[in-house]
Amino acid sequence: MSKEIKTTKKEIKLVEDFDLIFDFYKLVSRQGPGSIEITKRALDFIPGTSVNSKIADIGCGTGGQTITLAKNTLGHITAIDLSEKFIEILDKNVKQAGFEDRFTTLAGSMENLPFSDNELDLIWAEGSIYHLGFERGLREWRQYIREEGYIAVSEVSWITKERPLEIDEFWEQNYNGIDTIPNKIAVMQEAGYIPVSHFVLPVNCWLENFYDLVEAAVDPFLEEQNDSEEAKQFIDSQLTEINLYKKYKDYYSYVFYIGQKI
Ligand code: SAM
């Protein structure tokens, strides 16, 4: 979800152009890799919720995971995303699924969450904590989770110890918070959680469930944007990201990390 600008011959840097990102990704049913099965698998590590549970879905997007979360938990869900456009679509999805009475949806920032200390039983963040940074998000959000409550986040991670220079440089330039799984787990522990479990998202979460949908949205988006240069550059950046994933998928993936507050 980033826009590419070329700064030097070798350096490819992604900058965030939120308007373009929101206009493109509102055409896609999820805004990051994942699947219903994967959301349910992560939930399996978290003991049962009750009607009194309070859950936050942070960086929810249009709700790629939100309805699955609602179907497999009890209690109230507050779903937050920076994009009003995404929240409008989420509202429709929540209504269509008949879950309005269990939801508060908010357009707002994960940097300024509307919760009290120890209020939440569970924080959920699929593919979004990187906007704050993994460590900062885990540390800052911890205050909102009750003692022994849970956090479940997915975060792009190296799945091997070493990797080719091209992909290393790409991620170094674009999200230098990427790290190996053991290092991510250590960060979670240092931030005040028991690392309960983690697992790597399979390839179908990236390709069939995400990048195929992204590719299908390219033509409608370019038409909507009257083939503007900015839109074309943005699409080029998305396709570069997809091609790099296809080339280097053995070296990185999203990883779900589930932690319990201590
Ligand atoms: N969880 C969704 C999914 O997996 O389909 C969306 C993941 S998408 C990669 C990251 C989401 O974080 C986007 O919907 C984006 O609008 C949202 N986001 C970015 N910065 C944010 C911020 N500061 N506060 C709240 N949401 C933010």
Side-chain angles (χ1 to χ4, degrees), residues 1-3 14-43 55-70 72 77-94 103-115 122-134 136-138 140-141 144 151-157 171 174-175 177-178 201-202 204-214 216-217 234 237-238 241-242 245 252-258:
M1 277 198 45
S2 329
K3 178 187 172 194
L14 301 178
V15 294
E16 290 182 325
D17 178 338
F18 281 115
D19 279 342
L20 222 50
I21 290 172
F22 295 157
D23 281 337
F24 178 69
Y25 279 96
K26 72 177 165 45
L27 304 175
V28 185
S29 61
R30 59 176 311 135
Q31 288 75 42
S35 72
I36 291 174
E37 294 71 31
I38 285 302
T39 299
K40 285 166 75 174
R41 185 167 165 202
L43 267 171
I55 301 166
D57 183 3
I58 301 175
C60 57
T62 59
Q65 67 293 311
T66 315
I67 303 300
T68 304
L69 203 52
N72 293 279
I77 301 176
T78 304
I80 299 177
D81 198 279
L82 198 58
S83 166
E84 280 180 25
K85 289 172 185 168
F86 290 174
I87 291 294
E88 272 172 30
I89 296 170
L90 174 70
D91 282 338
K92 285 187 195 139
N93 291 338
V94 166
F103 268 91
T104 303
T105 60
L106 291 173
S109 176
M110 61 176 75
E111 291 185 73
N112 186 21
L113 294 173
F115 305 114
L122 171 61
I123 286 184
W124 204 267
E126 285 198 34
S128 59
I129 195 170
Y130 77 95
H131 286 289
L132 273 192
F134 186 72
R136 183 179 161 200
L138 289 177
E140 287 189 9
W141 298 347
Y144 305 120
I151 191 161
V153 301
S154 63
E155 164 84 343
V156 70
S157 309
W171 280 105
N174 296 300
Y175 178 53
I178 189 169
L201 270 63
N204 76 315
C205 287
W206 290 82
L207 296 182
E208 287 89 335
N209 290 348
F210 183 50
Y211 284 153
D212 285 358
L213 313 182
V214 169
F234 171 75
S237 75
Q238 302 308 289
E241 196 177 306
I242 293 174
Y245 175 73
Y252 66 97
S253 185
Y254 267 89
V255 175
F256 236 114
Y257 297 94
I258 298 113

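Indexing begins at 1, ligand by ligand and atom by atom, following the structure's order. Keep in mind that the numbers below use all heavy atoms, side chains included, and drop hydrogens, waters and symmetry copies.
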Taking only non-hydrogen atoms of C60 and a 4.0 Å limit, the atoms of ligand 1 in range are 1 (N), 2 (C)
Quick check: E126 and ligand 1, any N/O pair under 3.5 Å apart? yes
Could you check which of A79, G59, G32 puts a non-hydrogen atom nearest to atom 6 (C) of ligand 1? G59
Sub-4.0 Å heavy-atom contact, D81 with ligand 1: yes
Can you name the atoms of ligand 1, numbered from 1 with element, that are less than 4.0 Å from a heavy atom of G108? 24 (N), 25 (C)
Less than 4.5 Å apart, side chain to side chain, heavy atoms only: is that true for F24 and V214? yes
Give yes or no for whether the N/O distance cutoff of 3.5 Å, strictly under, is met between Y130 and ligand 1. no
Under 3.5 Å, which donor-acceptor pairs do the side chains of residues 33-43 form with other protein atoms, sequence neighbours left out?
residue : atom : partner : partner atom : Å
S35     : OG   : E37     : N            : 3.4
S35     : OG   : E37     : OE1          : 3.4
S35     : OG   : I38     : N            : 3.0
T39     : OG1  : S35     : O            : 3.2
T39     : OG1  : E126    : OE2          : 2.7

Work out whether the distance between some heavy atom of G34 and some atom of ligand 1 is less than 4.0 Å. no
What residue pairs, at least two apart or across chains, pass side chain to side chain donor-acceptor pair (under 3.5 Å) with a residue in residues 81-90? D23-K85
For ligand 1, which atoms have a heavy atom of F22 less than 4.0 angstrom away? 16 (O)
The reported gap from CG in L82 to CG in L106 (rounded to nearest 0.5 angstrom) is 12.0 Å
Quick check: do V255 and L201 have side-chain heavy atoms less than 4.5 Å from each other? no
Can you list the ligand 1 atoms lying under 4.0 Å from a non-hydrogen atom of F86? 14 (O), 16 (O)
Enumerate the atoms of ligand 1 whose separation from the nearest heavy atom of G127 is less than 4.0 angstrom. 7 (C), 8 (S), 9 (C), 10 (C)
Indicate the ring-plane relationship of Y252 and Y245, choosing parallel, tilted or perpendicular according to the 30° and 60° boundaries. perpendicular
Roughly how far apart are L213 CG and L27 CG, rounded to 0.5 Å? 11.5 Å
Hey, what's the ring geometry for Y254 with W206, parallel, tilted or perpendicular (30° and 60° as the breaks)? tilted
Atom 24 (N) of ligand 1: which of M110, K26, Q65 has the nearest heavy atom? M110
